[in-house]
Novice: 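So that we are looking at the same thing, I have put the structure below in structure tokens.
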Amino acid sequence: MRSNMHIIIRLEIEKAKANIGQIATLIHANDADLVAIDVKKETPEKTIRDITIKVNDEPGQLKVIKALNDSDGVYVKHISDRTFLVHLGGKIDIKPKLDLKNREQLSHVYTPEVARVCNAINANPLLAYNLTIKSNSVAVVSDGTAVLGLGEISPEAAMPVMEGKAMLFKRFADINAYPICLDTTDKDEIIRTIKAISPGFGGINLEDIGSPQCFEIEETLKQELDIPVFHDDQHGTAIVVLAGILNALKLTKKSLKDCKIVVCGVGAAGIAITKMLIAAGAENIIGVDKEGSITRDHQYDNKMWEWYANHTNPEKVDASLSEAMTNADIFIGVSRGDILKEEDLKNMAKDPIVFALANPIPEISPDIARDHVRVMATGRSDYPNQVNNLLCFPGIFRGALDARASSINEQMKVAAAEAIAATIGSDELSGDYIIPGVFNEKVVERVREAVVQAAVDSGVSRKI
């Protein structure tokens, strides 16, 4: 639920039965505020007006609308709010870089002169990076199976999210991103489709694709394409989590290598976070799902859990979440709300670090955890230390594109995390400030620089 929603309601009012003063009184009586009135049409018998009201939440909106509908002589014709208004006609656009004004210009950008450029690229495909939009374009691809907190929805319904992602690419990294929602959930068809459209893009951002398909799709595409493929729901979250952990460890003066880490939720995000932590030097990670801890003493049908069992939990701890939390230095939750208890925090090691990232309800409320932890992070914007993928994907793709990287590897991801962490100076660090805000102007450029260097050092850069 949101607070202070502004709603625009178009009313048709029969003048003999109602007037705007009565309507204003009705709105106030139903716990809403009348913000503005605009006359759209006027006749001797009727008036059509757009009224803007402020309500606390969606139930408040419904309450006002019902009261208006129940009023004699008042007809609700249309309802919209600011969120819907900014989506009208879509949120992104395409604009040419050259304003065509004459036939000569047209001959250069299209027939006949464009054929010379086509022949040059045909002879040397890498010239596409110089002579087309490829060097600054990313496909944002989804099948709509795991959208935000909505789960599986239609590809059309997923478009507003993908358009929003494309906006963020442009705003924060000046990357042209294209929302592509596929009308299929077949893994092999998704792979074939992305491969077929890949020549026009410098990178592929997989978005809101459900587990376990997301692992197989990404892994296959990484092997078969020569451009970066990045599932942001996994790796974007993991990179920002690592950035926050690195800064939290500076405050607690602990080593990642020596920390006992509990990861609750062994899905796409939990597995990606674990891989990032291992790449950064963590050695003692216990993954916990609803059945308890993942251990190599058990066999799992899920092959990603098999990988997890073989790469974590070195002491083969077979435990519930509460049992696993004993003497843990770090808790990272990517599961569901309110599953961590206050007593669990009391049983952690000194100066515990808690990342409760379930949305909208964290694994434990920061209000409960505050007195028991040294550092607390969530996925919410109304608490300090929000883990937000926006801190990662613009900069990491900007760096990968600028390096003309063939992939985004672990070195580049760790470099991105370290760069995000480094945007906060040691003199600025505090328990409430270990992760920079999404509008911190230093983040994208520092991540870009670090990723370009890591791409060069690891041999995946093709920059000429």
Side-chain angles (χ1 to χ4, degrees), residues 1-42 46-91 147-154 156-165 167-168 208 336-338 356-368 370 378-384 386-388 390 437-439:
M1 297 295 181
R2 297 168 295 166
S3 59
N4 293 330
M5 297 169 58
H6 284 73
I7 312 299
I8 300 172
I9 305 173
R10 179 159 292 185
L11 297 178
E12 181 181 292
I13 305 167
E14 292 185 23
K15 294 181 177 179
K17 297 181 178 180
N19 61 58
I20 199 67
Q22 294 170 335
I23 291 170
T25 301
L26 179 69
I27 290 169
H28 180 73
N30 283 276
D31 303 318
D33 295 323
L34 181 59
V35 177
I37 304 171
D38 295 300
V39 178
K40 307 308 291 184
K41 187 177 180 180
E42 194 83 22
K46 296 180 180 180
T47 179
I48 296 178
R49 303 197 181 194
D50 284 349
I51 63 168
T52 303
I53 65 171
K54 184 172 73 172
V55 295
N56 290 327
D57 49 29
E58 290 184 21
Q61 172 188 338
L62 297 174
K63 180 181 177 183
V64 173
I65 292 168
K66 182 180 186 305
L68 291 168
N69 274 323
D70 291 345
S71 299
D72 191 24
V74 178
Y75 307 94
V76 176
K77 309 297 288 184
H78 182 71
I79 305 163
S80 61
D81 62 28
R82 287 181 177 178
T83 298
F84 278 81
L85 289 174
V86 299
H87 283 78
L88 286 177
K91 303 191 292 291
V147 178
L148 296 176
L150 302 175
E152 183 169 354
I153 57 178
S154 70
E156 293 86 357
M159 276 294 288
V161 179
M162 304 313 129
E163 284 188 15
K165 193 68 174 278
M167 283 185 71
L168 298 175
D208 294 345
R336 57 186 175 85
D338 292 333
L357 305 181
N359 255 330
I361 302 172
E363 283 80 2
I364 188 168
S365 167
D367 298 322
I368 296 174
R370 183 179 295 115
T378 71
R380 294 176 50 141
S381 60
D382 54 347
Y383 287 106
Q386 183 193 20
V387 172
N388 191 325
L390 180 52
V438 295
F439 288 99

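All residue numbers in this chain count up from 1 along the given sequence.
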Novice: For the CD1 atom of I53 and the CG atom of L68, what is their distance to the nearest 0.5 Å?
Specialist: 7.0 Å
Novice: For K46, enumerate each residue passing the side chain to side chain donor-acceptor pair (under 3.5 Å) test, keeping only those at least two apart in sequence or located in another chain.
Specialist: E12
Novice: Which residue pairs pass the side chain to side chain donor-acceptor pair (under 3.5 Å) test when at least one of the two sits in residues 25-35, sequence neighbours left out?
Specialist: D31-K63
Novice: When rounded to the nearest 0.5 angstrom, what distance separates CE in M159 from CE in M162?
Specialist: 9.0 Å
Novice: Please identify each residue that fulfils salt bridge (charged side-chain N to carboxylate O under 4.0 Å, His left out) with D50, with sequence neighbours left out.
Specialist: R10
Novice: Could you grab the distance from atom CD1 of I27 to atom CG of L34, nearest 0.5 Å is fine?
Specialist: 5.0 Å
Novice: Please round to the nearest 0.5 Å and tell me the distance separating atom CD1 of I51 and atom NZ of K40.
Specialist: 13.5 Å
Novice: Tell me, please, which residues at least two apart from A18 pass side-chain contact (heavy atoms from CB on, under 4.5 Å).
Specialist: I13, Q22, V74
Novice: Nearest heavy-atom pair of M5 and D57: which atoms, and what distance?
Specialist: SD-C, 3.5 Å
Novice: Minimum heavy-atom separation for A358 and G337, please, with both atom names.
Specialist: CB-N, 4.0 Å
Novice: Mind checking side chain to side chain donor-acceptor pair (under 3.5 Å) for K66 and listing every partner two or more places apart, or none if nothing turns up?
Specialist: D70
Novice: State whether the side chain of Q386 and the backbone N or O of G437 hold a donor-acceptor pair below 3.5 Å, judged by distance alone.
Specialist: no
Novice: State, yes or no, whether a side-chain contact exists between I20 and R49 at a heavy-atom distance under 4.5 Å.
Specialist: yes
Novice: For V64 and A32, which heavy atoms make the closest approach, and how far apart are they?
Specialist: CG2-CB, 3.7 Å
Novice: I need the L357 CG to N388 CG distance, nearest 0.5 Å.
Specialist: 11.0 Å
Novice: Rounded to the nearest 0.5 Å, how far apart are CZ of R336 and CD1 of I361?
Specialist: 11.0 Å
Novice: Give the minimum heavy-atom separation between T378 and P366, together with the two atoms involved.
Specialist: CG2-CG, 3.7 Å
Novice: For P160, which residues count as a side-chain contact (heavy atoms from CB on, under 4.5 Å) partner, sequence neighbours excluded?
Specialist: H87, K91
Novice: Could you tell me if the side chain of Y383 sits less than 4.5 Å from the side chain of D367, heavy atoms only?
Specialist: yes
